[in-house]
Amino acid sequence: MESAAESDEDLMLKFGRGDGAAFETLYRRHESRVFRYLYRHVRNHASANDLMQEVWFAVARSAERYQPTAKFTTWLFTLAHHRMVDSLRKIRPELSLDAVEPEEREESSLANRLAGDPRAEPPAELSSQDEAAALLGAVTALPVEQRTAFLMQAEGELSLADIAEATGSSIETVKSRLRYARAKLRQSLWEYA
């Protein structure tokens, strides 16, 4: 079993040398964050699953050539970002990435996961679910560049520099996108309240 203290970069290098358990550890560490990032962009469970497979196949194909020139999570989210953008362009080449509408809702949505403790009183839980749905709606309404930066920071826990590297933007551009995203989210949530 892999040590919890072993870095992602070390695990990827071990996987490149043929250690399958290292890949399993990496996958377990990052699968849910990458899936949430993809799903919140494509808003379709099946599409997000397909993209997840593509991302992790790309990780596997790159294992022997992998060099830790950046944090593994930055590299991983760069792969996920590029797969997501390519997918959206193939599906709807005539639409802006901002125009993609939710196609599928599911019971284990972020709204349900953000909702209050299931042991809470029903009115409090309903209120919490409404607030979570409002937050999700506000995130979905953000322009794609702002939504991408926000989700990379919120879901991927990436730093400004990591987001800049993953999206091919400057750090100042990322700061600006995050500032505008937060302002729009505050405004949307204030209007909801």
Side-chain angles (χ1 to χ4, degrees), residues 8 29-52 54-56 58-59 70-89 91-92 95-106 108-116 127-193:
D8 293 334
R29 279 184 188 176
H30 301 289
E31 70 175 312
S32 62
R33 292 190 306 163
V34 172
F35 179 82
R36 287 190 310 264
Y37 171 77
L38 294 167
Y39 179 76
R40 290 185 185 150
H41 276 287
V42 298
R43 303 297 291 164
N44 178 289
H45 190 74
S47 295
N49 276 330
D50 289 346
L51 288 171
M52 270 286 286
E54 288 181 33
V55 168
W56 288 101
V59 168
K71 283 179 24 182
F72 176 80
T73 52
T74 303
W75 180 72
L76 178 63
F77 274 85
T78 301
L79 288 174
H81 177 72
H82 289 298
R83 294 296 184 290
M84 179 271 304
V85 169
D86 290 345
S87 170
L88 291 176
R89 285 184 181 147
I91 293 169
R92 299 197 176 127
L95 295 178
S96 159
L97 292 180
D98 290 330
V100 176
E101 291 294 322
E103 296 177 7
E104 178 178 293
R105 303 275 183 214
E106 62 176 37
S108 63
S109 69
L110 178 63
N112 288 332
R113 288 187 292 120
L114 287 176
S127 174
S128 181
Q129 285 179 347
D130 289 344
E131 290 167 3
L135 175 61
L136 281 177
V139 169
T140 300
L142 290 172
V144 71
E145 295 86 6
Q146 293 172 19
R147 184 173 59 237
T148 295
F150 179 79
L151 291 174
M152 282 187 168
Q153 188 175 56
E155 291 295 346
E157 300 174 3
L158 299 183
S159 69
L160 294 174
D162 294 337
I163 296 168
E165 185 174 331
T167 60
S169 305
S170 72
I171 290 177
E172 290 305 314
T173 299
V174 171
K175 284 181 187 177
S176 177
R177 288 175 181 166
L178 287 170
R179 186 173 49 253
Y180 284 118
R182 288 185 192 113
K184 287 179 183 175
L185 290 173
R186 274 192 298 274
Q187 180 64 33
S188 295
L189 294 176
W190 160 310
E191 289 170 3
Y192 166 78

What distance separates [X] [atom1] from [Y] [atom2], expressed to the nearest 0.5 Å?
X	Y	atom1	atom2	result
Arg147	His41	CZ	NE2	5.5 Å
Leu158	Thr73	CG	OG1	5.0 Å
Leu76	Arg29	CG	CZ	12.5 Å
Leu51	Leu79	CG	CG	12.0 Å
Met152	Leu178	CE	CG	11.0 Å
Glu31	Arg36	CD	CZ	10.0 Å

[X] and [Y]: which non-hydrogen atoms are nearest, and at how many Å?
X	Y	result
Ala149	Ile163	O-CD1, 3.7 Å
Ala138	Ser188	CB-CB, 3.6 Å
Ser169	Val174	CB-CG2, 4.2 Å
Leu38	Ala80	CD2-O, 3.6 Å
Arg83	Ala58	NH2-CB, 3.1 Å
Val42	Ser47	CG2-CB, 4.1 Å

>> Quick check on the 6.0 Å ring-centre criterion: do His30 and Phe77 meet it?
In response: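 Not under 6.0 Å, so no.
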> How would you list all residue pairs meeting salt bridge (Lys or Arg N to Asp or Glu O under 4.0 Å) that involve residues 161-179, not counting sequence neighbours?
Replying inline: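 Qualifying pairs: Lys71-Asp162, Glu172-Lys175.
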Are [X] and [Y] linked by a side-chain donor-acceptor pair shorter than 3.5 Å?
X	Y	result
Gln153	Arg182	yes
Thr173	Ser176	no
Asn49	His45	yes

> Using the ring of each side chain (for Trp, its six-membered ring), is Phe35 parallel, tilted or perpendicular to Tyr39, with breaks at 30° and 60°?
Replying inline: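 Taking Tyr39 first and then Phe35, their aromatic rings lie parallel (interplane angle under 30°).
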> Residues in ring-ring contact (aromatic ring centres under 6.0 Å, His included) with His81, at least two apart?
Replying inline: none
> Do Thr74 side-chain atoms and Ala70 backbone N/O form a donor-acceptor pair below 3.5 Å?
Replying inline: no
